Amino acid sequence: MTTNARRIRLLMALRRSGVTDTRVLGAIETIPRDAFVPDAFQDQAWEDTALPIDLGQTISQPLVVGLMTQALELGERQKVLEVGTGSGYQAAILSRLCRRVYSIERLKPLLDEANRRFQALRIHNITTRHGDGTRGWPELAPFERILVTAAGGPEPPKDLTDQLAVGGVMVIPLGGDYREQRVVRIRRTDTGLTREDLWPVRFVPLLSDPPAEASPPERPA
Ligand code: SAH
């Protein structure tokens with residue numbers, strides 16, 4: 001089967017499973033997922049499945065990318081924060097649908113590789129940062145949209161909800177236990193936060209790094 005036939009088959013499967021937003025489908029159609037998948041898995045790049053990338057991480061399943069992107073209700077003029085750059089695929093999809101994407105990844109080799117892909121594909125509206133995304137990106141806050149692509153605990157990180165603009169939307173897998181994760185949509189209104197549980201999912205964990213100042217325990221004098 002040609003890449004084009006595989007791509008059409010994937011888009012039809014996503015539509016059947018509830019990705020109906022034509023802008024989201026258009027982004028999935030035009031971003032070459034094969035450019036984000038390791039050589040060993042090229043034959044599966046257009047399958048609706050998550051695949052391993054380096055350092056024990058994964059590129060998400062296209063259906064999950066489609067549904068989470070759709071759940072964000074993106075506008076063309078918006079500024080979006082992504083936590084968990086990974087392969088860079090989700091960030092590339094977002095880059096087609098909003099003004100600017102800011103993406104944070106804690107594993108430097110993955111980030112370097114993602115940045116190389118963005119350059120090769122001439123995607124110029126993604127800015128990345130190496131660090132702990134649970135702290136958000138305070139210098140650039142507030143964000144109109146926040147997408148977290150690793151699973152947090154039962155509650156969203158407070159730094160992230162604090163950096164969500166009024167009227168803003170955050171989509172994040174929550175739940176703690178791996179088998180009980182759900183994608184949750186959080187909105188900031190004038191009066192506080194609202195929360196909707198959307199659907200079950202399985203993501204790699206959102207890990208919090210120790211503060212940069214933390215040094216090894218001192219030896220007793
Ligand atoms: N969005 C990615 C999939 C990411 S997998 C894609 O499209 O390919 C989740 C990623 O989150 C992993 O790369 C992991 O290293 C990263 N991650 C986990 N905890 C993090 C944290 N606290 N800050 C930033 N990145 C984190």
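Bear in mind that the values here come from a model prediction, so they are computed numbers and not experimental data. Remember, it's 1-based here, ligands and their atoms both numbered in the order they're listed.
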Colleague: Work out which heavy atom in Ala71 is nearest to a heavy atom in Trp199; give both atom names and the distance.
Modeller: CB-CH2, 4.3 Å
Colleague: For ligand 1, which atoms, with element, lie under 4.0 Å from some heavy atom of Ile59?
Modeller: 8 (O)
Colleague: Counting from 1, what ligand 1 atoms have a heavy atom of Gly131 closer than 4.0 Å?
Modeller: 23 (N), 24 (C)
Colleague: Answer yes when Asp112 and Lys108 have at least one side-chain N-carboxylate O distance shorter than 4.0 Å, and no when they do not.
Modeller: yes
Colleague: To which protein heavy atom is atom 23 (N) of ligand 1 closest, and what is the distance rounded to 0.1 Å?
Modeller: Gly133 N, 2.7 Å
Colleague: Consider every N or O of Gln90 and every N or O of ligand 1, then say whether any pair is closer than 3.5 Å.
Modeller: yes
Colleague: Under 4.0 Å, counting heavy atoms only: does Thr85 come that close to any atom of ligand 1?
Modeller: yes
Colleague: Take atom CZ in Arg188; do more than 12 heavy atoms of anything else shown fall under 6.0 Å from it?
Modeller: yes
Colleague: Determine, stepwise, if the pair Ser87 / Gln57 fulfils side chain to side chain donor-acceptor pair (under 3.5 Å).
Modeller: CA-CA 9 Å; Ser87 69; Gln57 304 303 318; over 6 Å; no
Colleague: Less than 3.5 Å between some nitrogen or oxygen of Glu82 and one of ligand 1, yes or no?
Modeller: yes
Colleague: In the protein, what heavy atom is nearest to atom 21 (C) of ligand 1, and what distance, to one decimal place, separates them?
Modeller: Leu207 O, 3.4 Å
Colleague: Closest approach of Pro52 and Pro38, non-hydrogen atoms and distance?
Modeller: O-CG, 3.2 Å
Colleague: Distance to the ring centre below 6.0 angstrom and angle to the axis at most 45 degrees; does that hold for Arg129 and Tyr102?
Modeller: no
Colleague: Write out the residue and atom name of the closest protein heavy atom to atom 3 (C) of ligand 1, then the distance separating them to 0.1 Å.
Modeller: Thr58 O, 3.3 Å
Colleague: Could you tell me, atom by atom, which parts of ligand 1 come under 4.0 Å of a heavy atom of Pro205?
Modeller: 18 (C), 19 (N)
Colleague: What atoms of ligand 1 come within less than 4.0 Å of a heavy atom belonging to Ser60?
Modeller: 3 (C)
Colleague: Test of understanding: given a 4.0 Å heavy-atom threshold, classify the contact between Leu55 and ligand 1 as side chain, backbone, both, or neither.
Modeller: neither
Colleague: Looking at every heavy atom in both Ala45 and Asp34, which two are closest together, and how far apart are they?
Modeller: CB-CA, 3.6 Å
Colleague: How far is atom 11 (O) of ligand 1 from its nearest protein heavy atom, and which residue and atom is that?
Modeller: Gly84 CA, 3.2 Å
Colleague: Which residue and atom name correspond to the protein heavy atom nearest atom 12 (C) of ligand 1, and how close is it?
Modeller: Gln57 OE1, 3.2 Å
Colleague: At under 4.0 Å between heavy atoms, is it the side chain or the backbone of Asp132 that contacts ligand 1, or both, or neither?
Modeller: both
Colleague: With distance as the sole test, does Thr149 use its side chain to make a donor-acceptor pair with the main-chain N or O of Val83 at under 3.5 Å?
Modeller: yes
Colleague: Considering only the protein, which heavy-atom contact is closest to atom 8 (O) of ligand 1, and what is its distance?
Modeller: Ser87 OG, 2.6 Å
Colleague: List every atom of ligand 1 that sits less than 4.0 Å from any heavy atom of Leu107, numbering the atoms from 1 in the order shown and giving each element.
Modeller: 15 (O)
Colleague: Under a 4.0 Å threshold between the charged nitrogen and the carboxylate oxygen, would Glu29 count as salt-bridged to Arg96?
Modeller: no
Colleague: Could you tell me, atom by atom, which parts of ligand 1 come under 4.0 Å of a heavy atom of Val204?
Modeller: 5 (S), 9 (C)
Colleague: Which atoms from ligand 1 have a heavy atom of Leu110 less than 4.0 Å away?
Modeller: 13 (O)
Colleague: Give the ring-plane orientation class for Phe36 versus Tyr89, where under 30° counts as parallel, over 60° as perpendicular and anything between as tilted.
Modeller: perpendicular
Colleague: Salt bridge or not for Glu196 and Arg187, using N-O below 4.0 Å?
Modeller: yes
Colleague: From the options Arg106, Glu105, Arg33, Met68, select the one whose nearest heavy atom is closest to atom 16 (C) of ligand 1.
Modeller: Glu105
Colleague: Checking Thr134 against Ser208: is there a side-chain donor and acceptor pair closer than 3.5 Å?
Modeller: yes
